[in-house]
Every structure is written in structure tokens, then in C-alpha cells.
Amino acid sequence: MFVSRAAVSRVMSASARSMSTKVAVLGAAGGIGQPLSMLLKLSSAVDELSCYDVRGSPGVAADLSHIPTKASVKGYLGASEGQEEELGKALTGASVVVIPAGVPRKPGMTRDDLFNINAGIVKTLVEGCAEHCPDALIAIISNPVNSTVPIAAEILKAKGVYNPKKLCGVTTLDVIRANTFVGSHLQKDPATIDVPVIGGHAGITILPLFSQVPGFTATDEELEALTVRTQFGGDEVVKAKAGAGSATLSMAYAGFIFAENVVKAMKGEECVQCAFVESSLTDARFFASPCKFGLNGVEEVLPFGQLSAYEKGWFDKMMPDLKAQIQKGIEFAAK
């Protein structure tokens, strides 16, 4: 009997929509992890939520479990005195793993200052992913993303389970900041704006492409201010919190948007969003650009289009920094 491609597609789409999806949050009791976990608990796309941390995660899970949504939730702890390591239990069966674990940035700290601590944390957690959920899509929030994603790639390669379609650095915060700032500038609802943000996820490696926003106009001074504010928006939050933390709530929202879109794509919905992935668009091994997500993760890394002369200047300035930060991660993983 002949079965049309359209019929097969409909069956596959229905099957994808009906699949049960487990999302694991590693670092679920932290400043990003708690609001991120709550948002994921509220999502109709998530069926099971796994909350892992070195402390506090059972309490977070118990609290979230009282929210009347369909997602089941359970907390798991890292090893401590009298407590077995539960990372494997947290990860087994996960379709998506989101990693916000690590120390936050404090006043005067750069993302490089976070490197030695957070790099080791990411290495350990990704090793757990390689062992317990090798087919899961791993979404890394832990800074510095320009280095932690390459670390993860090298660890997964060493374990023989690396799939470039299933490893992403979450750069959505840069996009929502750019959307917010442009919305304010144009006096428009930022929800109607979508600024492509390419490059990396640290300082000048963040390049918002305002020239691709329909109806965008600005003086040279305004364009410079919007670009720099997008690049260094994290510093603005760190300073305002005066030592009490970094961008946790906005990052949690960004991480949620990214993860929910990934889950929806796995269930058959079309989704394009920016992410820091292995890429051949430039001579940097990893690069953030719009990506098409689907059943198998990153289905296609999309071109970022024409740059304005102003954006080309920033592009040329950022590339040496981006490549150096990527190499730093690769070298750490090789130790």
C-alpha cells in the first residue's frame, strides 16, 4: 500500500507531540536554577522535571510539586557525607539537560574570572550526561559560555558520544536584552521585535544585528549605546545588585524560553532561535547565530545575513577574542 510522504510526516509529527519529555536542570537550587525550574514546571511542553544540585534541590522540588501543572518533579542531590551521588538518577531518561550550575559573577569580576571554578563544574556534569543520557540535548548557561561549550564538546568527544546537533550555549539573554532595548528605543512592544544576536556570549563577542530589524532607525550615538548596552547588560545588573548577585531572573527567563523551544521542536513544532553551536559560518569553531531546531536538536545552522558597515567593524574586532576564548576551553578539557 502506498503511503504518501505527507501522511508519514503527519504520523511522525503526532508521535513527536505525544512523546514524554524529561528536562533536567543541573544547578536547580541556585539563583538561576530556582526560577528556571519554576518556569519549566509551568510549561505545558514539559512532562517530567528533574532538579539536581549539591544542596537544596529536594526542597526546591517539593515546593514546585505543589504547583498544579502536569509536569512531575523530583529533586536529586550531589554526593555529601552520608548522601550518595544522585546525578545519574537525575539524568537518566532526560531529553534536554539545562546547566546553569556554577558561581555567579560579582562586582569587578569578568567572565574569565569565573573560568577555573565553572569550567570544572561543567566538566563533571557533562561527564555525567555522557554516561547517563548521551542522546540528550545539552543547553549550557554556565559562564563563560564561549569556553564552557568547547569544554563540553571535548568531554563528549573523549567519551565517544559527541553530537554537534545536541550541544548548545544559551545566548537567548542577549536576544531578549536587545529586543527590550530596541523596543524602548522605538517605543514599540518588545514582544514584537526579534533582534538576531551573533558571535558569542561575553562582552564584545556579543553582536546584535540591529540593521536587520524592520523599521529600526538610530543616530550613530544611539546605535553605539544600544550595542554596548546589549554587550555589557550583565555588568549593569551586577552593579545594580551591589554584590548581591548577577542576572538571575532575566537569565532564568531566557533559559526557559530556549529550553521550551527546544522541547517544542522535538515534539514537531518549527523553531528558529539563536544559539552558540559548532559552526562553519566563520573561522571560529563555535559561533552564535540563528539555528533551526527540530526532532534531533539543531537541524540547521542558518546564515546571519548581510552586516552593516558598523556591524562589520564590531565583527572584525570580536573574532580574535572569541577564538581565544574557545581555545581556552579546548585546552582546559585536554588537561
Side-chain angles (χ1 to χ4, degrees), residues 23-46 49 51-53 55-57 59-67 69 71 73 75 96-111 114 118 121 139-145 148 168-184 189-191 193-195 197 201-203 206 208 226 229-263 273-276:
V23 177
V25 177
L26 309 185
I32 296 171
Q34 289 199 44
L36 170 60
S37 297
M38 185 181 75
L39 291 167
L40 289 168
K41 177 69 170 76
L42 296 173
S43 173
S44 61
V46 177
L49 179 62
C51 297
Y52 173 87
D53 213 319
R55 63 180 65 84
S57 45
V60 171
D63 199 357
L64 293 175
S65 71
H66 294 178
I67 297 174
T69 59
V73 58
V96 177
V97 179
V98 189
I99 306 180
V103 299
R105 197 150 55 106
K106 297 178 182 178
M109 290 179 70
T110 66
R111 284 178 171 83
L114 303 178
N118 287 356
I121 292 170
I140 295 182
I141 292 173
S142 306
N143 273 320
V145 165
T148 53
C168 302
V170 179
T171 60
T172 313
L173 180 56
D174 304 324
V175 174
I176 66 173
R177 280 179 175 148
N179 293 346
T180 300
F181 303 155
V182 168
S184 177
D189 180 356
I193 295 168
D194 186 15
V195 182
V197 182
H201 183 59
I206 299 167
L226 285 166
R229 191 180 182 199
T230 302
Q231 292 171 331
F232 296 96
D235 294 346
E236 182 179 317
V237 177
V238 169
K239 182 179 179 181
K241 290 191 174 181
S246 57
T248 52
L249 300 176
S250 53
M251 185 64 249
Y253 175 76
F256 159 69
I257 292 296
F258 181 85
E260 185 181 53
N261 282 339
V262 167
V263 171
Q273 60 184 341
C274 291
F276 186 66

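Being a predicted model, the structure only gives us computed values, none of them experimental.
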*asked:* Test side chain to side chain contact (heavy atoms under 4.5 Å, CB included) on T148 and N143; report intermediate values, then the result.
replied: CA-CA 7 Å; T148 53; N143 273 320; over 6 Å; no

_What's the separation between atom CD1 in I257 and atom CG in L36, rounded to the nearest 0.5 Å?_
11.0 Å

*Considering non-hydrogen atoms only, spot the tightest contact between G27 and P100 and give its length.*
O-CG, 4.0 Å

*Compare all side-chain heavy atoms of F181 with those of R229 and state whether any distance is below 4.5 angstrom.*
yes

*Under 3.5 Å, is there a donor-acceptor pair between the side chain of N179 and the main chain of V195?*
yes

_Could you walk me through whether M251 and V237 satisfy the side chain to side chain contact (heavy atoms under 4.5 Å, CB included) test, starting with their C-alpha distance in whole Å, then the side-chain angles of each, then the deciding distance to 0.1 Å, before giving a yes or no?_
CA-CA 11 Å; M251 185 64 249; V237 177; over 6 Å; no

_Heavy-atom pair of closest approach, residues P35 and T248_ = CG-O, 4.5 Å

*In Å and rounded to the nearest 0.5 Å, what is the OG1 to CZ distance from T171 to F258?*
7.5 Å

*Would you find a donor on one side and an acceptor on the other, under 3.5 Å apart, between the side chain of D189 and the backbone of G183?*
no

*Which atoms form the tightest heavy-atom contact between V46 and A71, and what is the distance?*
O-CB, 3.3 Å

*Might you work through the side chain to side chain contact (heavy atoms under 4.5 Å, CB included) test for E260 and L39, ending with a clear yes or no?*
CA-CA 9 Å; E260 185 181 53; L39 291 167; over 6 Å; no

*Write down the atom of V263, the atom of A45, and the distance for their closest heavy-atom approach.*
CG1-O, 3.3 Å

*Got a donor-acceptor contact below 3.5 angstrom from the D63 side chain to the G59 backbone?*
no

*Does any N or O in the side chain of K41 come within less than 3.5 Å of the main-chain N or O of I67, such that one atom is a donor and the other an acceptor?*
yes

*Give a yes or no on whether the backbone of V197 and the side-chain of D174 come within a donor-acceptor separation of less than 3.5 Å.*
no

*Stepwise side chain to side chain contact (heavy atoms under 4.5 Å, CB included) test for L64 and Q34*: CA-CA 9 Å; L64 293 175; Q34 289 199 44; over 6 Å; no

*Which heavy atom in C274 sits nearest to a heavy atom in V175, and how many Å separate them?*
CB-CG2, 4.1 Å

*For the side chain of S43 and the backbone of L40, is there at least one donor-acceptor N/O pair under 3.5 Å apart?*
no

*asked:* When you compare the side chain of S37 with that of L49, does any pair of heavy atoms fall below 4.5 Å?
replied: yes

_Counting only heavy atoms from other residues, nucleotides and ligands, does the tally under 6.0 Å from OH of Y253 exceed 12?_
no

*Less than 4.5 Å apart, any side-chain heavy atom of V145 and any of V170?*
no

*So how far is it from C168 SG to I141 CD1, rounded to the nearest 0.5 Å?*
11.5 Å

*Least distance between heavy atoms, A254 atom then I176 atom*: CB-CD1, 3.9 Å

*Is a donor on one side and an acceptor on the other found under 3.5 Å between the side chain of S142 and the backbone of I99?*
yes

*Supply the atom-to-atom distance T180 OG1 to I193 CD1, rounded to the nearest 0.5 angstrom.*
8.5 Å

